[in-house]
Amino acid sequence: MNASLDQFYTYNVTAIGNPDPTFSLDLSPTGMSINSETGEISWQPVPGHVGDHDLIVLANNRVGVDEQIFTIAVAADTIPPTAPTALQVDAVTTTSVDVSWIPASDTIGVDHYTILKTRRCGFRHSRTCYVLVKGHISQTRATVIGLAPYPGLSYVVRAVDAAGNSSGNSNKISFQTLSEPTGLQYRFDGRAGAFISGPAKSPL
């Protein structure tokens, strides 16, 4: 029999007798229970339960006892988290951007987030490819640094659980870093003057 960390395990044991038998667990992993009247086994595996677990179920009445022996194989987390939502740009400079998002959810728990840059790729740029920008983010906000001034960029965020299952993409955001004005020229009396520059930044 199979179970996994991200799913609640149930199993119905059946037995026939006169009088009707009651059920109990003679050998079981931590946290498992059985309904003594119906024989329904209930269990939520947790980290540390990955692997094989032997189980012995007893059916008793005043005439005697019978047992069922089997093994449950518990797999690691197999269901990915939900995708983060509401990804947004909070602040931008010439070389960095601050972003934030609404957290994802997972049956066991989100371990971290990753930020990925999107770009067109493949034959005639028919596909979207993703390049890791920043990984192992423990919070729902991050700052990406080391950007070049004034490129156009698009980001998405993914959630990752402890087993390495990755969510789908969040919504995509597109932005540009700031850039100093260049090539500014003044004119006086109809004649062009020298080129000048200033420290002002151009907004998004």
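Since the model is a prediction, treat every value here as computed from it, not as a measurement.
- For Asp106 (side chain) and Val110 (main-chain N/O), no donor-acceptor pair under 3.5 Å exists by modelled atom type.
- Counting heavy atoms from C-beta outward, Ile34 and Val57 have side chains that approach closer than 4.5 Å.
- Applying the side-chain hydrogen bond (donor to acceptor under 3.5 Å, both in side chains) rule to Ser4 yields the partners Asp6; only residues at least two apart in sequence or on another chain are considered.
- At most 12 heavy atoms of other shown residues, nucleotides or ligands fall within 6.0 angstrom of atom CD1 in Ile145.
- Residues that satisfy the side-chain contact (heavy atoms from CB on, under 4.5 Å) test with Ser33, not counting sequence neighbours, are Ser42.
- Between the side chains of Thr143 and Asp98, at least one donor-acceptor pair of N or O atoms lies under 3.5 Å.
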Could you list the donor-acceptor pairs under 3.5 angstrom formed between side-chain atoms of residues 133-140 and any protein atom two or more places apart in sequence or on another chain?
none

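- Sorted by first and then second residue, the salt bridge (charged side-chain N to carboxylate O under 4.0 Å, His left out) pairs with a member in residues 76-96 read Asp90-Arg141; sequence neighbours excluded.
- In this structure Thr71 satisfies the side-chain contact (heavy atoms from CB on, under 4.5 Å) test together with Asp52, Asp54, sequence neighbours excluded.
- Using a 4.5 Å heavy-atom cutoff, the side chains of Asn165 and Ile79 are not in contact.
- A donor-acceptor pair shorter than 3.5 Å cannot be found between the side chains of Thr177 and Thr94.
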Show me, pair by pair, the donor-acceptor contacts under 3.5 angstrom made by side chains of residues 14-21, not counting sequence neighbours?
none

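- Between Tyr155 and Ser170, the closest side-chain pair of non-hydrogen atoms is not below 4.5 Å.
- Here Thr107 pairs with nothing under the side-chain hydrogen bond (donor to acceptor under 3.5 Å, both in side chains) rule; sequence neighbours left out.
- Listed by first and then second residue, the side chain to side chain donor-acceptor pair (under 3.5 Å) pairs involving residues 121-133 are Arg120-Thr128, Tyr130-Asn169 (not counting sequence neighbours).
- Smallest separation of non-hydrogen atoms from Ala83 and Ser167: CA-OG, 3.8 Å.
- Take Tyr9 and apply the ring pair (Phe, Tyr, Trp, His ring centres under 6.0 Å) test, not counting sequence neighbours, and it matches no residue.
- Through direct or relayed side-chain contacts under 4.5 Å between Ile, Leu, Val, Met, Phe, Trp and Tyr, Phe8 connects to no other residue.
- A distance-only check finds a donor-acceptor pair linking the side chain of Asn171 to the backbone of Leu87 [under 3.5 Å].
- Pro29 pairs by the side-chain contact (heavy atoms from CB on, under 4.5 Å) definition with Met32, Trp43, His53, Leu55, not counting sequence neighbours.
- For Thr95, the side-chain contact (heavy atoms from CB on, under 4.5 Å) partners are Thr93, not counting sequence neighbours.
- The CD atom of Gln7 lies 5.5 Å from the OG1 atom of Thr78; values are rounded to the nearest 0.5 Å.
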